[in-house]
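What you see below is based on every heavy atom in this structure, not just the backbone, and it leaves out hydrogens, waters and symmetry mates. Protein chains get the first letters and strands the later ones, always in sequence-line order, with residue 1 at the start of each.
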2 protein chains.
Amino acid sequence: MASQQKTSRKAAATAAAIRRPQARTANGGAHAGEAGDDIGLDALVGHVGYAVRRFQLWIFQDFIKTLATVDIRPTQYSVMTVIGANPGLSQMAVAKRLGIERARLVHLLDSLEERDFVSRIPSATDRRSHALHLTARGKTALARFKRLAAEHERHVAEKIGKDNRERLLQILACFT
Amino acid sequence: MASQQKTSRKAAATAAAIRRPQARTANGGAHAGEAGDDIGLDALVGHVGYAVRRFQLWIFQDFIKTLATVDIRPTQYSVMTVIGANPGLSQMAVAKRLGIERARLVHLLDSLEERDFVSRIPSATDRRSHALHLTARGKTALARFKRLAAEHERHVAEKIGKDNRERLLQILACFT
DNA sequence: ATCAATTGTTGTCGTCAACAACAATCTTTC
DNA sequence: GAAAGATTGTTGTTGACGACAACAATTGAT
């Protein structure tokens, strides 16, 4: 055993690992094992991107959880909403409107069509494109989705405050 | 040729495709081929998650573009910032603080260690964990990153307004 | 009729979150 | 002090997602 005391842990400290036995951390208090609440973020606070990332993570998780019973993800919901409000759109138009790639929309529509929420009807005027419509089943389903989405939106209001939510929508309106 | 006029396009309208030749779109004006600006979003406007998703996409793209010369992505920047502000942290502590999985942090640190920005020093008190530090090269590099990140932050202020940016940071402070 | 552009589709690549396993090591408990 | 349980870093897989490159079919312009 004494022959190799640090065998495994594979490429643990491969390259660098300067191997200073008593390395001074220059930190004074050895933060290493703390709970994770009193760790400074320094410049990270003050970066909008970081805050937005954390917020978006939270909001998507809540959306997915709130709509878990109907198994609908945020992107799927946005696609069905746009088609529901504008029947007959082409895939290109939907993709451009929602800022998703048409390559990605193909799979999204495949899954929604498999579940009989959406149908691709060959366009009468352009034989390349499809006119997208909600099926009858899709329409009633979307109504239920919207009720659940409204519940999710209430969760958001509880989290950040009703007025802050309104302000957020107003500030970010130029991106929708 | 006349034998098969619709051969390929593979599983185009496979399943559903009700094939109504002159299907009334119930939309009045046949939106299908429009530029993509006057398409209603219906319930999507009013959903914080949708606005945040679009905003986060824009902000990350600008961050990546602004820091393209140094080839640093947002997550890498956040990791280096936290380590720089709290030397000696364990991987677990960093992951918990930034809300990223420790499994994911492994690869992030691998790349940062390969570029000699970060070093994993075996902890003196816990032989399972590593004490994370910036290398000398990493410290000077982070200083440049911060200048570029500040420039990115100015882009954000130009986009949404200086005061709106401040308000945003304030509203989302509870997530950082 | 010919050539460029558009539309849907397929494919690959890289990022990212989520989860499950595992070896090594610490911590608790008897 | 030894056994049982928890923690840390690691590897791997899965799936959603954005980006990009090709391609066939079709449309539109020259």
Next on the checklist: Going by ring-ring contact (aromatic ring centres under 6.0 Å, His included), name the residues that satisfy it together with A/Phe63, two or more places apart in sequence or in a different chain.
Outcome noted: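 Counting only residues at least two positions away or on another chain, A/Phe63 forms a ring-ring contact (aromatic ring centres under 6.0 Å, His included) with A/Tyr77, A/His152.
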Next on the checklist: Under the rule for ring-ring contact (aromatic ring centres under 6.0 Å, His included), what residues qualify as partners of B/Phe175, not counting sequence neighbours?
Outcome noted: A/Phe55, A/Trp58
Next on the checklist: Can you list everything that forms a side-chain hydrogen bond (donor to acceptor under 3.5 Å, both in side chains) with B/Gln91? Sequence neighbours excluded, please.
Outcome noted: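 Only B/Arg120, B/His130 meet the side-chain hydrogen bond (donor to acceptor under 3.5 Å, both in side chains) criterion with B/Gln91.
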Checklist entry - Within this structure, what is the CD-to-C1' distance between A/Gln91 and D/dA25, rounded to whole angstrom? => result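 For the pair A/Gln91 CD and D/dA25 C1', the rounded distance is 14 Å.
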Item to check | salt bridge (charged side-chain N to carboxylate O under 4.0 Å, His left out) contacts touching residues 48-69 of chain A (sequence neighbours left out) | outcome: none
Item to check | Selection residues 160-173 of chain A - residue pairs positive for salt bridge (charged side-chain N to carboxylate O under 4.0 Å, His left out), sequence neighbours left out | outcome: A/Glu153-A/Arg165, A/Asp163-A/Arg167
Just the atom pairs and distances: protein N or O near nucleotides 13-16 of chain D's N or O, under 3.5 Å.
| unit_1 | atom_1 | unit_2 | atom_2 | d |
| --- | --- | --- | --- | --- |
| D/dA16 | O3' | A/Arg73 | NH2 | 3.1 |

Checklist entry - Under the salt bridge (Lys or Arg N to Asp or Glu O under 4.0 Å) test, which residues partner B/Lys146, sequence neighbours left out? => result A/Asp42
Next on the checklist: With rounding to the nearest 0.5 angstrom, report the CG to CG distance, B/Leu98 to A/Leu44.
Outcome noted: 6.5 Å
Checklist entry - Does a side-chain heavy-atom distance below 4.5 Å link A/Pro87 with A/Leu132? => result no
Checklist entry - Among residues 48-69 of chain B, which contact DNA chain C at a heavy-atom distance under 4.0 Å? => result none
N/O-N/O pairs, protein side and nucleotides 27-29 of chain D side, under 3.5 Å:
| unit_1 | atom_1 | unit_2 | atom_2 | d |
| --- | --- | --- | --- | --- |
| D/dT27 | OP1 | A/Arg127 | N | 3.2 |

Checklist outcome for this item: Here the ring-ring contact (aromatic ring centres under 6.0 Å, His included) pairs for residues 101-126 of chain B, sequence neighbours left out, are B/Phe117-B/Phe145
Checklist entry - Between C/dA21, C/dC19, C/dA17, which nucleotide gets closest to the side-chain atoms of B/Arg102? => result C/dA21
Checklist entry - Got a sec, which residues hit side chain to side chain contact (heavy atoms under 4.5 Å, CB included) with A/Glu114, two or more places apart in sequence or on another chain? => result none
